[in-house]
Structures are given as C-alpha cells and as structure tokens.
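Shown next, in structure tokens, is the structure this report addresses.
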2 protein chains.
Amino acid sequence: MDTVTIKDIARALNLSTSTVSRALRGSYEINPETKRLVLEYAERLNYRPNPIALSLKGSSSRAIGVIVPQIANYYFSQAINGIEAIAYNRGYHVIIFQTHESYEREVANVQQALARKVDGLLISLSSETSDVEHLRELQERNLPIVQFDRVSNELNTTKVVADNFAGAFAATEHLIKSGRKRIAHLTIPPWISITQERLAGYRAALEQYGLEYDENLVRYGTFGPDEADKLVDELLAQSPRPDAFFTASDRLALGALAALQRRNIAIPQEVSLIGFTNLNVADLLSPSLSTVVQPAQEIGQMAAERLIELIERKQKAAPPSTIVVPSHLAVRESTRVSE
Amino acid sequence: MDTVTIKDIARALNLSTSTVSRALRGSYEINPETKRLVLEYAERLNYRPNPIALSLKGSSSRAIGVIVPQIANYYFSQAINGIEAIAYNRGYHVIIFQTHESYEREVANVQQALARKVDGLLISLSSETSDVEHLRELQERNLPIVQFDRVSNELNTTKVVADNFAGAFAATEHLIKSGRKRIAHLTIPPWISITQERLAGYRAALEQYGLEYDENLVRYGTFGPDEADKLVDELLAQSPRPDAFFTASDRLALGALAALQRRNIAIPQEVSLIGFTNLNVADLLSPSLSTVVQPAQEIGQMAAERLIELIERKQKAAPPSTIVVPSHLAVRESTRVSE
DNA sequence: TTGTAAGCGTTATCAT
DNA sequence: ATGATAACGCTTACAA
C-alpha cells in the first residue's frame, strides 16, 4: 500500500474527489455524516495531503526558504535552529540555501527558492552583496521577505538584527572602565551593515569617555581563516601599543587570542581581549575572553515569527519595521582586573 | 512578466507544448531548427522549468532530504556543508530536517521528506532511535538512503562513518605513550554505534599496551549541557585517580577542560586530556587539548556522492557498503610531555 | 517531426 | 449537499 490520495478515499467511499476534498478541509457546507465518514477513513489510512500537488495548485507550499552565507558557522546554525523550531510547530518546512558569501550564488539561490514556490524568504545577505535588485523583484511579486542579521537598508522589508551598536558600546565601555586606554578594534569588512553599527558603538563609547578615536587602531578582516595573526601584528606595531582588543567575530576573537598567546602576551595583564561573538564555547574554554553574546537563536525565532505572520495575513499587515534584539555582555572575572 | 512556462514558449513560437518540452530536454528526434529556436527563445526569456511540476509528474524532485539530530552543532553543520557542496554542483537541493534527538520527530521527518518527494535521503539517526521500521519502509519503496555518522546495522544501506575505532585507538595509544596509566573515558550514550566503536578502540589500545580495562573509568553522558562536571567528579573520586581523560564529544571535551580548570588541576602536568571532537577551535584556544579530528565535511561529501550515485543509476547499483573515513589525530605539544 | 491528450494530486467553479 | 470539470506546469504515449 503506497501513499493514499484523495482519489483512493473517494473511490472507496463512493464519493467524488471534490466531496472528499471538502470534507477533509472542513470547508463549505457538507453533510456531517459524510464528513465524519471521510475523516474517519482518512485517519485510518493515514492520509496525508501531497504538499507538492498543493504547491502546484498555487496555494501554499508550506515551506520557507532560508538563505544564509554559510551553515557551518555557529551563528547561522543557531539562527537556523531558532527558525526551524518556530517553522516546525507552525507546520512549515525549511529549505536552506548557502551563498558561501557569493553574490552570484545568492542570486541563483533566490531564483531557486522562487522556483520551489516557498511561501516566504528569510535572508541574511552575503558579504559580496551590495545590489539588491534580485530581492526587490521578489518583493514586487509579493513574496514575503524578512531580512536578518546582515541586512540592507536599500530594501524596505522587516528586519531582525542584533543590537550591534549597544553591544559594541557595552564592550568598549567595559574595557575603558577596566582601565584600558588604547583599544584596538579588529572587525569584519566595512561595507557590511553590522560592521558599521559596531564601529559606531565603539566610537560612541570612546567619545563618551573622552578617548580619542584613532583609525590606526581599527583593522578590517575578511571572513577568511588565519588572518588575525597579521592584523594583530599590525596593531601591536602601533606606538604606544594597544592595551586592549575588541574583536567583531568568532574567528577574529579566537585568532586574536591565539595570536596573543603565541606572542606570550598575557591576557588580561598586558592586554585585554573582548569578543563580539556567539561562540559560547569561548566562555568555557578561556577565562580570558569576555564576550558580547549575540542572540542568534532568538534572532532566528523572531525572524521566522515575523515571516510567518506576513505569510498568513497577506493583507496589509504591519508595515516593515526593524526589530532590534538585545545583545548580552558576558563578563569574565579576568577582564575585570584593572592594572 | 511573471514566470515563463513551456506554454508561453509554445504559444509564442506556434508550437505545441510537447514539442517545446522535447526541444528543451534535447530528447527524441526533433527538428534541429525547431530545437534551436526553442532553446534560443527559452534562453532569452530566462525560462526555468518548474521543479514543483516536475516532482508532481513523478520523475524527480532534484531535492535530497537530510535528517540530522540537530543543526546547531559543529559536527553536523560541517557535514551539511559538505553535503550541500556536492548537491549544489550536481543540481540538487537540500531540505533539512532536525530530529532534536527525538524518535518521534525522526519518524515525522521521514514522512515529510517522503511527502516532499525527495529523490533520496541522507540520515544520521537520533540517539533515541533503535527501531528503524520507518526507514525500512522507505527502502521498500525504493527510495535511496545513505546513513552517515550515527548508523544502524539493522538497516542494509550504504553507510558513511568516521573511523571511530582507529581514532579512539590512536588517542588512547598516544596517552599511553606519553606515560599515562589510568585513562578515563568520558563518552556518550552506550547504545549509539559510534560509542561502541570508540570504546572498542579504547579497550584495544589498553590491551595492546598491557593496561587493564577498568569499567569504573568509563562514564556515559547524554547530549545535555553541563553534565561533564559531575562525571569528572565521579572519575576523580577513583583511587588512584585518573591521570588522563579521553572524551568522546565536543561538549564533553570542553566540559572536562573547564571542570579540570575549575579544580585547578594542571593540564597536562597532572592530567592529560584528549578529545574525540571536531571542534577545531579547541585547537586554537587551548594548547592543552589534543584532538581526534573528525572529518565531518568529508563524511558529508562522501555520503552525498554515494546518494546521488544511487539516485542517478537506480538500476542495481553497487551493493550497500560501509565507507570508513579516517579520523586524524592532532597532537598538541603539551600532551606530548610525559611526567 | 510534430501535435493531441492523459495524467500527477489537489482545489475552485460551476452545475445538478 | 455533491459531482463533473478545468486548471496548476510538465512529460509521455499515441496519433498523425
């Protein structure tokens, strides 16, 4: 016995497929008795509507597309986790696409998502993306879109982001309060929205505490591996040398930590390190590393919730807004030490 | 101008949909001129076949289902990364399902994957799963299945696994050679295949070097957080106390590391620690932690390759086999130190 | 070589 | 209240 279709039920019960369909979806006026019969039989045969047929029919695919730079990344995998949790108990499925930070692949993925008739799209932009025409097109076709984490303001959609400004502010403030004066900022490519926000938070904190902003103390990395070493070198070459590092990603935090260790620079006696990261294992492993923990999972959840909301009440829903999810500063004892 | 269908092309070129279809898929005898015309026009309009319609038609959905315990896990996210890479350049899409280590959800996911007409299934069993009827059923329907990582021998499919035995053997051997005599093994639930294999490797190494196997030195955790502390306590209570820990998962390795640090037990002067893990950040962060690195990505790739092979030549393909991907022992200087 | 028509599973429209 | 039919986009016998 293969998959049961409406047709099977109709045949068995001597009804038409339309009647069965109506009974199943409770719609329209239908004889309660017939309905009961159908429902019962369907239950017994473990009938499951064919989502493919439903999508083809045009209604809804009960699938949402998620486009992220990469899955093998603690932040995004946590976000996806949050998304999947919400989607799952609202009856949606999640189709995942990776851009690998490539604009070209992002465009291809958007096409594919469209072709697969996803009911909505959750996207975090690739670092290569500056032109967002491919998304605007979708919007014009009325496909609900929610941007999260790496968002573009060129695009008028609901956005869900971490509070990068506040997080960076808190981190920098914490370093200042523990006595640091020359705080280096090791960050990710400048054209990404979150980079700007974090930089702004960093600058605001410096300013508020009367420290001068020195652009020589800021270094931009890419997302590649093993670059922290070089950047740390450049920063340490400054005179006077930095007494603290504030890093903007997992990789940079770990890279900087390793780089400092290799140079036998004691943390936090000589240099403090604080990472904007979500790698909470960092917490576990190193008592030297305070972190601004990013609420990856919450962001995923919120984004999914908003998206499903948009999907389900397609009518003029709430206008696009930006939801800012607070970041949490996790301070380790050791960064508290002031000289 | 919305999505282009075969019908649009047919109408524009004054052909029938079947001709267009044939031209597009190059099949059958068809007038080269017509073919050229169709292809050209299709190209110009950026025609993309509707995968939904294709699936409904029954041929192939060009999607593969991937069922894993959880995404927010370094191992699985890397494996998925490998899978996606292969799938992508073979033109397949990846639909991901999480079981959250629940048997019930695994069954539901399998159903869903089936309903979505995936062309094949890649699965890593939940820790709750012992009964594999839900998968056997799929097999009977001729759906290609490849198991990876957490596999069941009850099921006669191709399997792709890390070399857990050799990895555990190498780790234990390394500890013994660096002078350790009482090596504790902190591992995951006993009924999972990989646990058994690792335990066997551990025992084999002990035996080969004439050390006695002491079951009091073996502790089984779950996948929950924060359990390492308790287990480490139990182990340290042994007399004489263990001089090395060999742990079987990321979480246990990090947990043990933190637990030892909290108790001010010097690594590796007092106790050596070696983890069976794939968390290569551990490498970066702690010079104290040697690891048996699991080839998560390679496993994903191999599994995807095998699956697509099965999908594409459905005829009696190669019989199910088990592919064992080597694990690599990454030794840190500090574990080399012998007292 | 090309066209016609049926069918994949479902729902919406129109009859009855 | 229920049934027949068309339609979603595509492929594939079968005809021509």
Side-chain angles (χ1 to χ4, degrees), chain A residues 1-39 41-42 45-63 91 111-112 114-119 141, chain B residues 1-39 41-42 45-63 91 111-112 114-119 141:
Chain A
M1 173 92 339
D2 252 31
T3 7
V4 189
T5 77
I6 265 190
K7 218 182 267 181
D8 298 325
I9 303 183
R11 202 177 314 117
L13 264 49
N14 243 308
L15 291 170
S16 76
T17 56
S18 10
T19 307
V20 175
S21 170
R22 283 191 286 251
L24 251 20
R25 60 182 16 251
S27 68
Y28 255 70
E29 333 253 22
I30 192 176
N31 188 324
E33 177 59 11
T34 317
K35 185 169 172 179
R36 198 185 53 73
L37 234 57
V38 170
L39 255 36
Y41 191 76
L45 263 63
N46 193 28
Y47 166 80
R48 293 280 172 269
N50 179 334
I52 306 273
L54 288 178
S55 321
L56 181 52
K57 197 65 183 73
S59 51
S60 132
S61 65
R62 291 255 127 192
Q111 300 281 359
Q112 284 291 347
L114 195 65
R116 296 219 170 251
K117 284 239 189 332
V118 295
D119 290 343
R141 296 194 196 190
Chain B
M1 170 94 338
D2 252 30
T3 9
V4 189
T5 78
I6 262 190
K7 216 183 266 182
D8 298 324
I9 303 183
R11 201 176 317 115
L13 264 49
N14 243 309
L15 291 169
S16 77
T17 57
S18 22
T19 308
V20 175
S21 169
R22 285 191 285 252
L24 251 20
R25 57 183 17 252
S27 67
Y28 254 71
E29 332 256 18
I30 193 176
N31 188 324
E33 177 59 12
T34 317
K35 184 168 173 178
R36 198 185 53 71
L37 234 56
V38 171
L39 254 37
Y41 190 76
L45 263 63
N46 193 27
Y47 166 79
R48 293 280 173 268
N50 178 334
I52 306 271
L54 287 178
S55 322
L56 182 54
K57 197 61 184 84
S59 52
S60 132
S61 64
R62 291 255 126 195
Q111 300 281 359
Q112 283 292 347
L114 195 65
R116 296 221 168 250
K117 282 238 189 336
V118 296
D119 290 344
R141 295 193 197 189

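Quick note on labels: first sequence line is chain A, next is B, and so on, each numbered from 1.
The B/T19 side chain lies nearest to C/dT2 when the options are D/dT11, C/dT10, C/dT2. For A/I6, counting side-chain heavy atoms from C-beta on, the closest listed nucleotide (C/dT1, D/dT12, C/dT11) is C/dT11.
Here the OH-CG distance, from A/Y41 to A/L24, works out to 12.5 Å after rounding to the nearest 0.5 Å. The distance from the CD1 atom of B/I9 to the OG atom of B/S21 is 10.0 Å, given to the nearest 0.5 Å. To the nearest 0.5 Å, atoms CG (B/L13) and CG (B/L37) are separated by 5.0 Å.
Summarising the geometry, the separation between CG on A/L24 and C1' on C/dT10 is reported as 11 Å, rounded to the nearest angstrom. Atom CG of A/L54 is separated from atom P of D/dG9 by 15 Å (rounded to the nearest Å). For the pair B/L13 CG and C/dT1 C1', the interatomic distance rounds to 15 Å; values are reported in whole Å. Atom pair A/R25:CZ and C/dT13:P shows a separation of 12 Å (rounding to whole Å applied). Here the C1' atom of nucleotide D/dA1 and the CD atom of A/E33 are 13 Å apart, to the nearest Å. Rounded to whole Å, atom P of C/dT11 lies 14 Å from atom CD1 of A/I52. A straight line from CD1 of B/I9 to P of D/dG9 spans 13 Å, rounded to a whole angstrom. The distance from atom OH of B/Y47 to atom P of D/dT11 is 6 Å, rounded to the nearest whole Å.
Residue contacts for A/L15: at a heavy-atom cut-off of 4.0 Å it reaches the sugar-phosphate backbone alone, with no base atom in range. Contacts of A/N14 with the nucleic acid, taken as non-hydrogen atoms under 4.0 Å apart, involve only primed sugar atoms and P, OP1 or OP2.
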With the criterion being N/O to N/O and under 3.5 Å, what pairs connect the protein with nucleotides 4-8 of chain D, and how long is each?
| unit_1 | atom_1 | unit_2 | atom_2 | d |
| --- | --- | --- | --- | --- |
| D/dA4 | N7 | A/S18 | OG | 3.2 |
| D/dA4 | N6 | A/S18 | OG | 2.9 |
| D/dC8 | OP2 | B/K7 | NZ | 3.2 |

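Regarding contacts with the backbone of D/dT2, a side-chain N or O of A/T34 is found under 4.0 angstrom from either OP1 or OP2.
The only option from A/V38, A/V20, A/T19 that meets the side chain to side chain contact (heavy atoms under 4.5 Å, CB included) definition with A/I6 turns out to be A/V20.
Considering only residues two or more places apart in sequence or on other chains, B/R36 meets the side chain to side chain donor-acceptor pair (under 3.5 Å) condition with B/E33, B/E40. With sequence neighbours excluded, the residues forming a side chain to side chain donor-acceptor pair (under 3.5 Å) with A/S18 are A/S16, listed by chain and number. Applying the side chain to side chain donor-acceptor pair (under 3.5 Å) rule to B/N46 yields the partners B/R48; only residues at least two apart in sequence or on another chain are considered. With sequence neighbours excluded, the residues forming a side-chain contact (heavy atoms from CB on, under 4.5 Å) with A/N50 are A/I52, A/A53, B/L56, B/K117, listed by chain and number.
Between A/R116 and B/R116, every side-chain heavy-atom pair lies at or beyond the 4.5 Å cut-off.
End-to-end axis angle of the helix from C/dT1-D/dA16 to C/dT16-D/dA1, from C1' rotation axes over five pairs per end: 50° (rounded to 10 degrees).
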